[in-house]
Amino acid sequence: TQMMDTSIHFTSEKNEASIHDAIDKLIQKPVNDANDIAWFLSYYLKEQLPNKKISITVTPFTYQDTKMGSSFSRYFQQAMESQIVSAAKWEVSQERGEYIVTGTYWEQTDGIKFTAVLKTIAHNTIVATAEKIVPHEILKKTNLALNPQNFEQAFSDLKQFRKDEIIDGGLHLETWTNKGKENLLFTKGEKMSVYVRVNIPSYIRFIYHLATGKRALLLENYYIDASKVNQVVEIPGPFECDEPFGAEVLQVFARTEQFEPVATTMLEGYPILKEDLPQVVAQTRGMKKVKSSTMQAEQRVVLTTMEK
């Protein structure tokens with residue numbers, strides 16, 4: 001009996017090794033287009049959660065660490081959704097699944113590096129990751145831009161935002177949209193709602209940085225009193241996606257004292273800031289102008305708008 005058990009165990013191990021060898025060869029198959037990239041990432045994620053049936057929401061992959069999307073992002077999201085079903089045999093949920101796939105693509109000298117991350121939504125725990133580097137030529141076949149139309153201006157703004165960034169000292173501010181706060185794409189005609197939550201009664205300043213480079217002051221000294229602390233508050237809206245398209249930023253400040261006035265001019269019914277970005281940021285973050293006991297916090301949400 002012992003010999004039979006050993007033989008069975010040996011056979012099982014041998015079969016398992018053969019299966020893994022076959023999988024390795026399968027994964028090494030040539031990647032010829034974006035669908036093949038999506039197939040590889042989906043299949044490799046599945047291998048880390050074998051025999052598990054799950055529901056997944058797929059978000060648009062974003063360009064490097066900018067959180068900006070593009071027309072390629074939307075195209076690749078659809079490819080990932082298709083391969084999650086066909087290659088991984090999982091269910092795709094357009095609303096809110098048990099898990100979420102996020103990802104980035106990075107331009108490197110040796111190609112484009114795709115990284116996919118599978119996390120639980122409830123606990124934000126990473127359960128699987130997958131990476132693939134593909135030649136630049138493969139993505140050129142799609143004839144789709146990898147970054148938004150206004151990338152240079154948006155990237156310059158991003159660097160400016162990061163200078164002298166505010167670290168909250170007890171005042172906590174959360175900001176998100178009806179699509180969340182990461183990997184955001186809105187197409188023409190879609191509605192966007194914006195939500196905030198603070199842990200201390202605060203005044204809110206909301207600046208919308210448009211793809212054109214203009215900056216709209218959409219909310220000024222909007223007070224959240226003690227009755228709404230730690231509760232979800234919807235910023236008056238909603239907002240509808242329209243041209244011009246590109247990377248845009250929602251910038252929300254919370255302060256325990258009122259904000260000092262900023263110079264604006266009315267344009268198409270909206271107050272547009274007269275100052276350029278460095279001046280606006282310096283003025284709003286200028287803690288020398290407020291009491292030493294004043295607390296302030298800042299949150300930014302990057303999104304990409306595009307034609308349908």
Side-chain angles (χ1 to χ4, degrees), residues 59-74 102 104-107 145-168 173-177 179-188 190 192 194 196 204-220 235 237 239-255 259-268 270-287 296-307:
T59 65
F61 281 36
T62 51
Y63 182 71
Q64 303 192 161
D65 62 347
T66 65
K67 298 184 180 179
M68 300 176 197
S70 64
S71 52
F72 174 78
S73 297
R74 180 173 56 179
T102 62
T104 55
Y105 49 94
W106 293 71
E107 291 191 85
L146 298 183
N147 44 47
Q149 297 167 245
N150 63 327
F151 176 73
E152 289 188 13
Q153 173 65 48
F155 189 66
S156 175
D157 283 1
L158 191 63
K159 290 190 287 186
Q160 185 64 48
F161 286 135
R162 290 172 177 170
K163 290 176 63 177
D164 304 318
E165 192 163 10
I166 293 172
I167 306 299
D168 72 78
L173 167 67
E174 297 175 74
T175 306
W176 68 98
T177 74
K179 286 191 174 186
K181 59 182 180 180
E182 301 285 348
N183 311 86
L184 300 180
L185 286 181
F186 285 87
T187 57
K188 185 173 183 177
E190 277 193 291
M192 178 181 70
V194 181
V196 298
I204 301 296
R205 168 176 283 175
F206 175 28
I207 301 174
Y208 194 105
H209 300 265
L210 296 150
T212 57
K214 293 184 173 62
R215 312 178 195 284
L217 183 63
L218 296 184
L219 207 61
E220 180 72 324
I235 285 180
F239 308 93
E240 183 173 328
C241 179
D242 203 352
E243 58 186 336
F245 304 116
E248 302 187 323
V249 178
L250 315 179
Q251 187 177 32
V252 180
F253 296 90
R255 186 189 279 184
F259 292 92
E260 297 78 15
V262 290
T264 62
T265 183
M266 295 303 293
L267 182 64
E268 297 179 356
Y270 293 101
I272 303 297
L273 296 174
K274 289 184 176 181
E275 308 288 0
D276 60 18
L277 182 58
Q279 291 172 306
V280 170
V281 170
Q283 186 173 353
T284 303
R285 292 175 178 172
M287 299 304 288
Q296 184 166 309
E298 176 185 349
Q299 282 273 293
R300 295 186 305 276
V301 176
V302 178
L303 58 98
T304 305
T305 62
M306 62 182 65
E307 188 63 78

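Sequence positions, counted from 1, serve as the residue numbers for this chain. All figures in this text were calculated on a predicted structure; none of them were measured in a lab.
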First locate atom [atom1] of [X], then atom [atom2] of [Y], and finally report the distance between them rounded to the nearest 0.5 Å.
{"X": "Glu275", "Y": "Arg215", "atom1": "CD", "atom2": "CZ", "result": "11.5 Å"}
{"X": "Thr305", "Y": "Leu184", "atom1": "OG1", "atom2": "CG", "result": "11.5 Å"}
{"X": "Leu267", "Y": "Leu273", "atom1": "CG", "atom2": "CG", "result": "12.0 Å"}
{"X": "Thr62", "Y": "Trp106", "atom1": "OG1", "atom2": "CH2", "result": "9.0 Å"}
{"X": "Gln64", "Y": "Asn147", "atom1": "CD", "atom2": "CG", "result": "8.5 Å"}
{"X": "Lys214", "Y": "Thr265", "atom1": "NZ", "atom2": "OG1", "result": "10.5 Å"}

*State whether a side-chain donor-acceptor pair under 3.5 Å links Glu298 with Gln251.*
yes
*Ignoring hydrogens and angles, state whether a donor on the side chain of Tyr105 or Ser70 is under 3.5 Å from an acceptor on the partner side chain.*
yes
Closest non-hydrogen atom pair between [X] and [Y], with its separation:
{"X": "Glu220", "Y": "Val262", "result": "OE2-CG2, 4.3 Å"}
{"X": "Ala154", "Y": "Ala247", "result": "CB-CB, 3.7 Å"}
{"X": "Pro244", "Y": "Ala211", "result": "O-CB, 4.0 Å"}
{"X": "Met192", "Y": "Leu303", "result": "SD-CD2, 3.7 Å"}
{"X": "Ala254", "Y": "Ile204", "result": "CB-CD1, 3.8 Å"}
{"X": "Trp176", "Y": "Val196", "result": "CZ3-C, 4.2 Å"}

*After noting the C-alpha distance and the side-chain angles of Ile207 and His209, does the key distance pass the side chain to side chain contact (heavy atoms under 4.5 Å, CB included) rule?*
CA-CA 6 Å; Ile207 301 174; His209 300 265; 3.5 Å; yes
*Hey, mind stepping through Glu182 and Thr102 against side chain to side chain contact (heavy atoms under 4.5 Å, CB included) and telling me if it holds?*
CA-CA 9 Å; Glu182 301 285 348; Thr102 62; 5.9 Å; no
*Got a donor-acceptor contact below 3.5 angstrom from the Asn183 side chain to the Pro60 backbone?*
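Checking the backbone N and O of Pro60 against the side chain of Asn183, a donor-acceptor pair under 3.5 Å is found.
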*If you count the non-hydrogen atoms of other residues, nucleotides and ligands that lie under 6.0 Å from CD in Glu307, is the total more than 12?*
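Counting neighbours around CD of Glu307, more than 12 heavy atoms of other residues, nucleotides or ligands fall under 6.0 Å, so yes.
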*asked:* Could you check whether Lys179 makes a cation-pi contact with Phe186, meaning its NZ or CZ is under 6.0 Å from the centre of the six-membered ring and within 45° of the ring axis?
replied: yes
*Run the side chain to side chain contact (heavy atoms under 4.5 Å, CB included) check on Arg205 and Val252 step by step: do they pass?*
CA-CA 6 Å; Arg205 168 176 283 175; Val252 180; over 6 Å; no
*Apply side chain to side chain contact (heavy atoms under 4.5 Å, CB included) to Ser73 and Leu185, showing your working.*
CA-CA 8 Å; Ser73 297; Leu185 286 181; 4.0 Å; yes
*Do NZ/NE/NH1/NH2 and the carboxylate oxygens of Glu260 and Arg255 come within less than 4.0 Å?*
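A salt bridge links Glu260 with Arg255.
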*Is Arg300 paired with Asp157 through a side-chain N to carboxylate O contact shorter than 4.0 Å?*
no
*Give the ring-plane orientation class for Phe239 versus Tyr208, where under 30° counts as parallel, over 60° as perpendicular and anything between as tilted.*
tilted
_Any side-chain heavy-atom pair of Lys188 and Asp242 under 4.5 Å_ =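 Yes. Closest side-chain heavy atoms under 4.5 Å.
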